[in-house]
4 protein chains.
Amino acid sequence: MSVNKKELIRTAAIEVIATKGFYRSTTDSIAAAAGVSVGTIYNYFKNKDEILEYIFQTELAHRAAIFAELKDLTVPSLEKLQLFLEAHFTEIKANPLVGQILVRERQVGHDALDGVRAFVEGIPQKIASLLQLSIEAGEIKPCNPLIISAAIFGAVEAVVRIAVFTVDPEERNRLLDQAPVELVNFISSGLAK
Amino acid sequence: MSVNKKELIRTAAIEVIATKGFYRSTTDSIAAAAGVSVGTIYNYFKNKDEILEYIFQTELAHRAAIFAELKDLTVPSLEKLQLFLEAHFTEIKANPLVGQILVRERQVGHDALDGVRAFVEGIPQKIASLLQLSIEAGEIKPCNPLIISAAIFGAVEAVVRIAVFTVDPEERNRLLDQAPVELVNFISSGLAK
Amino acid sequence: MSVNKKELIRTAAIEVIATKGFYRSTTDSIAAAAGVSVGTIYNYFKNKDEILEYIFQTELAHRAAIFAELKDLTVPSLEKLQLFLEAHFTEIKANPLVGQILVRERQVGHDALDGVRAFVEGIPQKIASLLQLSIEAGEIKPCNPLIISAAIFGAVEAVVRIAVFTVDPEERNRLLDQAPVELVNFISSGLAK
Amino acid sequence: MSVNKKELIRTAAIEVIATKGFYRSTTDSIAAAAGVSVGTIYNYFKNKDEILEYIFQTELAHRAAIFAELKDLTVPSLEKLQLFLEAHFTEIKANPLVGQILVRERQVGHDALDGVRAFVEGIPQKIASLLQLSIEAGEIKPCNPLIISAAIFGAVEAVVRIAVFTVDPEERNRLLDQAPVELVNFISSGLAK
DNA sequence: TATGAATGAGGGTTCATTCAT
DNA sequence: GATGAATGAACCCTCATTCAT
């Protein structure tokens with residue numbers, strides 16, 4: 001029951017924060033959206049920041065799980081990257097509100113929020129490791145993985161941003177379908193030997 | 001009196017906001033950093049939000065000026081893009097604090113801040129128009145300029161983010177020198193026919 | 001907890017506002033007088049204006065209750081007016097601070113405060129209706145009830161003002177006892193010999 | 001020239017204060033309405049309060065002049081009162097904005113403003129002296145002049161209030177014409193049939 | 001005298017957090 | 001665990017007043 005309640009609050013917080021932004025979202029409004037009282041929030045989260053952390057942590061965990069699955073696959077590293085991006089976009093499509101938060105609240109509070117930082121730095125790191133493997137395997141031409149992985153993630157997030165703030169659901173889904181293809185194509189050719 | 005007060009406040013605000021983030025920057029602290037009283041801020045800005053707007057507006061104006069200069073150049077559109085990115089990175093290098101703000105405070109206040117929105121949407125639009133010309137000129141392969149320009153700007157900003165939050169100045173400058181080369185290379189090959 | 005908080009704040013606000021005037025009364029000082037924190041005020045009132053509104057609303061409700069009681073009495077309408085004025089002065093006598101506010105803060109805020117307006121317009125209206133009945137019953141000579149009811153209420157309030165700002169309690173009470181007699185006499189038969 | 005400028009400011013202040021109320025009128029807006037700069041106001045008035053004082057002082061001086069003229073007339077005291085009220089209403093009719101201020105800003109700032117107090121207490125005192133004379137001359141029945149003069153002034157001001165806040169000029173003038181007649185009649189002979 | 005930019009104390013309001021029930 | 005009234009520090013903004021030009 002208690003696990004469900006934390007989830008309940010997380011879900012409600014996503015709606016509120018995606019709509020109003022983190023700093024403009026009050027704990028009261030999150031509580032109201034969750035159908036609990038403010039006090040209850042503090043039984044599951046140490047403070048308001050931790051709610052946002054938890055949202056990012058949850059998403060990072062999802063992405064990490066995807067990476068873990070991909071790790072054992074016997075396909076070229078570059079293809080793993082493509083598969084990851086597709087999975088990423090699929091999740092965004094399933095929950096665009098989370099997408100809004102991921103691209104908007106990333107820098108909240110001095111980067112002092114560990115969960116947020118872990119996400120923002122963690123994804124590019126994983127991409128970087130794939131790139132490194134890909135370079136070593138001679139699949140792609142040499143590059144600075146730190147810079148290029150950041151660039152890739154930045155490109156991805158920018159496209160997510162466009163899609164996610166598109167209000168018309170039909171158009172948004174079209175973008176989210178088309179984007180990974182365009183993106184992967186753009187990235188792949190860029191990395192082509 | 002010799003120094004323009006509005007500029008004085010803008011400069012001070014950049015330091016404060018870059019360090020603490022917009023929402024954690026108080027008008028008092030901005031005033032203190034500028035060596036004026038709070039009241040003076042409100043002689044030049046309608047409210048706190050407008051300070052941030054003005055920062056973005058100023059940067060957008062710089063970028064627009066660069067574009068204007070490039071427009072008349074008789075070089076391939078793709079090369080214009082490279083020149084723009086180089087100019088962008090040069091400006092960031094000259095004032096990394098502004099860079100921090102550009103990548104961090106982009107989504108402040110519901111995207112309701114016109115100056116911020118103008119910047120965030122304006123740059124990709126200009127890139128998109130260069131891409132369009134480039135496609136028409138047969139310089140690059142066809143793509144969705146909307147998506148790809150967003151991707152490019154996202155990639156650029158992500159790299160700016162890394163550089164700009166690198167505390168060691170030497171390392172930061174190295175990154176800012178290396179990044180445009182890597183990036184342009186990444187982008188160009190990606191767009192190669 | 002036993003005492004209703006909203007009432008507690010209303011009572012404290014009456015003391016503060018009567019003493020310093022509405023515009024010079026700070027929410028902090030009202031909170032202090034009530035023995036609560038500022039925040040608590042805002043749990044019961046939307047803003048400072050609403051405190052004043054509530055004070056007037058409360059008094060209007062008292063007066064309306066008196067009118068309601070008088071309605072069913074089988075006495076001449078003019079006598080009802082006398083009874084009302086006596087009740088009014090009795091209430092003022094019981095709480096002179098409220099009296100001070102009623103005569104001083106009447107026009108606060110552009111007449112935009114509904115509670116205040118309701119009071120200032122409501123009492124004369126009720127008086128006017130009594131006058132109308134009285135005229136129809138042939139008890140008094142015809143007159144413009146709108147003007148005369150305003151005049152009566154104005155006369156009453158002016159006398160309340162004198163009494164209520166008399167610092168010596170004995171003298172004040174003497175005035176408040178004498179005033180309704182003089183007033184009703186004056187109203188009933190004017191200065192005519 | 002300097003006398004004219006003080007008048008200029010007084011006139012502008014009347015417009016602003018009548019419209020927005022004293023506490024909501026800024027010195028800036030008064031200066032703007034007068035077509036001078038804030039600084040200039042402080043060359044003619046020690047502070048904002050003094051502007052309001054001056055407005056009341058000016059009106060009191062007008063009323064005092066009327067009384068002075070009436071003093072030497074060889075008519076019954078009660079008739080002098082009637083003449084005074086008529087003159088009062090005539091002035092209000094000529095400048096309703098001043099009327100608004102007279103009835104609204106009377107209690108501003110703790111009654112601490114001498115000019116305001118002088119007006120609010122001065123007029124009833126003059127009325128009281130007329131009543132006293134009238135009683136002594138056996139023209140009217142005995143009464144407490146303090147109370148009755150306050151009542152009369154209160155009645156007058158309440159009617160002024162109604163008239164002055166009537167937006168339609170035609171209707172306002174009709175009220176201002178009708179009111180003194182009704183009022184004087186009411187005062188002279190009350191409601192008695 | 002006139003100006004109006006600069007001042008900064010002060011005030012209304014918000015909202016994350018606590019804790020007694 | 002759940003509640004939600006109470007808290008009060010903190011913040012944005014206003015505006016009467018000053019004073020150098």
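Side chains included, hydrogens not; waters and symmetry mates left out as well; all remaining heavy atoms used. By convention in this document, chain letters (A, B, ...) are assigned in the order of the sequence lines, proteins followed by strands, and residues within each chain are numbered from 1.
Considering only side-chain atoms of A:N43, the nucleotide from E:dA16, E:dA5, F:dT3 that sits closest is F:dT3. Of the candidate nucleotides E:dC15, E:dG8, F:dT7, E:dG8 has the atom nearest to the side chain of B:S37. For D:Y42, the side-chain atoms get nearest to F:dT17 when compared with the rest of F:dT17, E:dT17, E:dT7.
Between C:K48 and B:V38, the residue anchored closer to the 5' end of DNA chain E is B:V38, taking for each the nucleotide with the nearest heavy atom. Both B:V36 and D:I41 sit near DNA chain E, but only D:I41 has its closest nucleotide nearer the 5' end.
One atom, CD1 of C:I9, and another, C1' of F:dT7, lie 13 Å apart when rounded to the nearest Å. Note: NZ (B:K6) to P (E:dA5) measures 13 Å, nearest angstrom. Between the CZ atom of B:F45 and the P atom of F:dC12 there is a distance of 15 Å, rounded to whole Å. Atom CG in D:L52 sits about 15 Å away from atom C1' in F:dA16, given to the nearest Å. Atom CG in C:D49 sits about 16 Å away from atom P in E:dG11, given to the nearest Å. Rounding to whole angstrom units, CG of residue C:D28 and P of F:dG8 are separated by 11 Å. Spacing between atom CD1 of B:I30 and atom P of E:dA6 amounts to 17 Å, rounded to whole angstrom units. Separating the CD1 atom of B:I51 from the P atom of F:dC12 is a distance of 9 Å, rounded to the nearest angstrom.
To the nearest 0.5 angstrom, C:S25 atom OG is 9.5 Å from C:L52 atom CG. Note: D:I17 CD1 to D:I55 CD1 = 4.0 Å, rounded to the nearest 0.5 Å.
For the pair A:K48 and A:F22, the cation-pi criterion (under 6.0 Å, within 45° of the ring axis) is fulfilled. Cation-pi check for A:K5 over A:Y44 is not met; the charged atom does not lie both under 6.0 angstrom from the ring centroid and within 45 degrees of its normal.
Note on C:T26: every side-chain N or O is 4.0 Å or more away from OP1 and OP2 of E:dG11. The phosphate of F:dA6 (OP1 or OP2) has a side-chain N or O of C:K5 nearer than 4.0 angstrom. Distances shown here put a side-chain N or O of B:T40 below 4.0 Å from the OP1 or OP2 atom of E:dT7.
Nucleic acid contact for D:S29: none, since no nucleic acid atom lies under 4.0 Å from a heavy atom of the residue. B:Y44 comes within 4.0 angstrom of the backbone, heavy atoms only, and of no base.
Side-chain atoms of C:E15 and C:L97, non-hydrogen and from C-beta on, do get closer than 4.5 Å to each other.
Across all strands shown, E:dT21 pairs with F:dA2; the Watson-Crick or G-U wobble distances both stay below 3.5 Å.
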